[in-house]
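Heads up, the thing below is written out as structure tokens.
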Amino acid sequence: MFRSLSLYNFRVWFIGALISNIGGWMQSTAQDWVVLTELTDHDATAMGVTMALQFGPPLVLVGITGWLADRFDRRKLLMFTQSALMLLAIAVGILLLTHVMTLPLMWLFALGFGITNAFDAPARQAFVSDVVAKENTSNAVALNAASFNTARLIGPAIGGVMIVLVGTGWMFLANAATFLAMLIALWMMRTDELVPRVRAPGAARLADGFRYVARRPDLIVTFVMVFLIGAFGMNFPIFASTMALEFGRDADGYGLLSSVLAIGSLAGALLSARRDRARLRVAIYAAGGFGAVSLVSSLMPEYVLYAATLVFVGFCTVTMLTTANGYVQTSTDPALRGRVLALYMAVIMGATPIGAPIAGWVATTFGPRAAIQVGAVAGLLACAIGMTWMIASGRMRRHESRRFLLTVDETRPLTIVAPEEFSDEVAATTPIRAIADDAPRAAKAS
């Protein structure tokens, strides 16, 4: 489960990311609460607009951000983006403490965070493959998610309590301080131990990433599932904050809900780290589980019962996303990994500008339970799409000896089409055996 932590560079990265993510979740909790209770009168729609501005830039800038992640030194690029995010957090904290902050200003800073994160996210995701060798990539991705969700377990709870005690402005300044941990970790890394970068033999074109994904039906299905859940199901700040208000709770109650959600998220990430490789069918099943448990959570009559269901919501969400992320990383040509991951991050983060305003409007107009139910339907639809593809591709079939039992053939090869400039390294990173591997065995058996 923790094999990637035996590497010095990954240990340094893991610790720095954990500290920085804790501060990030404290800031996220403060930002949501500021918009919902200080800058508006419990207006979930304004909160949805804030999320849209913050998560919209990855979708708009997807071409150039992925190209930069493949073209330049990712470690140096991350140093720049992390420094910019730190300065933005300091500015927001000062404006809140001096009572100068307004809703339009907060929207402007949300856009600034979004633009910076658009460049940071694909570089950060692809950098994991630079830190560990290909056989540990899936494990490292899952442990990265574990770090993120451990911070999600700690950050909102601390943030919720600290908001009540000292106010929201200090949460932004605290997050600014935690960015130093990531910058120090990047500086301490042994650059000679990083995995050599694989570069395309010709010019790195922006369109190669789009062309590559367009010829991979398995990636298209993965992206569609991630989009549906990201757009309509993962609006947890809207769901948790409005449900906390419905149950008569304050900021600490909202922070506790986010931390409870992280308990299941952390469990999902750690179980994903135990698997030898990322399997797409696990992501499909997890999407269906997300839809089912989200529907159950929307019917809970008490705060404690609603919080209990969030454990399972978090588990299914992170299992689905971590598996999808690991599958994309380990089955993509290394020379195009940055551009493909930029598309993946654009889908998951860019879905928010579409779904968050809708979720906020539904929560304001029909109540938070209706908004959660919309997300539940999206999860069930994502599962249905994945299952349909699995059946159509021939991977799911009836058991040979049992009439009513279905089996999934994990050895059945996918149709993977290379881009125009395709590197041989993809053969070593694709975890699915080619037809030629099984042909000699079949001949011997016959």
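One is the number of the first residue; the rest follow in order along the sequence. Note that these values count all heavy atoms, side chains included, but never hydrogens, waters or copies made by symmetry.
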Problem set entry | Donor-acceptor contact present, side-chain D120 to main-chain T116, <3.5 Å | no
Problem set entry | Full working for side-chain contact (heavy atoms from CB on, under 4.5 Å) between Q27 and F113 | CA-CA 12 Å; Q27 174 177 298; F113 282 117; 3.5 Å; yes
Problem set entry | L95 backbone acceptor or donor facing T98 side chain under 3.5 Å | yes
For this session: For R369 and M300, indicate whether the former's side chain and the latter's backbone hold a donor-acceptor pair under 3.5 Å.
Result: yes
Seminar exercise, completed: Checking S298, S294, S297 against Q373 for side-chain hydrogen bond (donor to acceptor under 3.5 Å, both in side chains), the one that qualifies is S298
Exercise. Is there side-chain contact between L103 and D43, with heavy atoms separated by less than 4.5 Å?
Worked result: no
Exercise. Does T319 reach the main-chain N or O of F315 with its side chain, forming a donor-acceptor pair under 3.5 Å?
Worked result: yes
Problem set entry | Heavy-atom check, side chain of I372 versus side chain of Y306, under 4.5 Å | yes
Exercise. How about M106 and V92: do any of their side-chain heavy atoms sit closer than 4.5 Å?
Worked result: yes
Exercise. Say you draw a straight line from CD1 of I19 to OG1 of T178; how long is it, rounded to the nearest 0.5 Å?
Worked result: 8.5 Å
Exercise. Hey, what do you get for CD1 (I358) to CD1 (I238), rounding to the nearest 0.5 Å?
Worked result: 10.5 Å
Problem set entry | Heavy-atom closest contact (R75 atom, L186 atom, distance) | NE-O, 2.7 Å
For this session: Taking T81 for its side chain and L78 for its backbone only, find out whether a donor-acceptor pair lies under 3.5 Å.
Result: yes
Exercise. Of all heavy-atom pairs between S20 and Q82, which one has the smallest distance, and what is that distance?
Worked result: OG-OE1, 3.9 Å
Problem set entry | For the student: nearest non-hydrogen atoms of A17 and M182, plus distance | CA-CE, 3.4 Å
Problem set entry | Any side-chain heavy-atom pair of M189 and F127 under 4.5 Å | yes
Exercise. Should S241 and L36 be marked as a side-chain contact (heavy atoms from CB on, under 4.5 Å) after you check the CA-CA gap, both sets of side-chain angles, and the distance that decides it?
Worked result: CA-CA 8 Å; S241 59; L36 192 64; 3.6 Å; yes
Problem set entry | F10 CZ to I15 CD1 distance, which is reported to the nearest 0.5 Å | 10.5 Å
Exercise. Is there a donor-acceptor pair closer than 3.5 Å between any side-chain N or O of T37 and the backbone N or O of V34?
Worked result: no
For this session: Flag yes if more than 12 heavy atoms outside F223 fall under 6.0 Å of its CZ atom; otherwise flag no.
Result: yes
Problem set entry | Gap between atom CG of L105 and atom CG of L96 - 0.5 Å precision | 10.0 Å
For this session: For the pair F232 and F227, name the ring-plane relationship: parallel under 30°, tilted 30 to 60°, perpendicular over 60°.
Result: perpendicular
Seminar exercise, completed: CG (L219) and OH (Y327) are apart, to the nearest 0.5 Å, by 6.0 Å
Exercise. Passes side-chain contact (heavy atoms from CB on, under 4.5 Å), T50 versus Q31? Steps please.
Worked result: CA-CA 9 Å; T50 306; Q31 177 180 289; 3.7 Å; yes
Exercise. Side-chain contact, heavy-atom cut-off 4.5 Å: F172 with I90?
Worked result: no
Problem set entry | Side chain to side chain, E38 and T168, heavy atoms closer than 4.5 Å | yes
Problem set entry | side-chain contact (heavy atoms from CB on, under 4.5 Å) assessment of M234 paired with L321 | CA-CA 11 Å; M234 289 179 56; L321 294 180; 3.5 Å; yes
For this session: Considering non-hydrogen atoms only, spot the tightest contact between A176 and A89 and give its length.
Result: CB-CB, 4.0 Å
For this session: Would you mind reporting whether L256 and Y303 have side-chain heavy atoms less than 4.5 Å apart?
Result: yes
Problem set entry | Least distance between heavy atoms, A359 atom then A371 atom | O-CB, 3.7 Å
Problem set entry | Closest contact, heavy atoms only, A324 versus Y344 | CB-OH, 3.9 Å
For this session: Report yes if some heavy atom in the side chain of V293 is under 4.5 Å from a heavy atom in the side chain of T309; otherwise report no.
Result: no
For this session: Nearest 0.5 Å please: distance from the OH atom of Y285 over to the CG atom of L280.
Result: 10.0 Å
Exercise. Does any N or O in the side chain of T222 come within less than 3.5 Å of the main-chain N or O of D218, such that one atom is a donor and the other an acceptor?
Worked result: yes
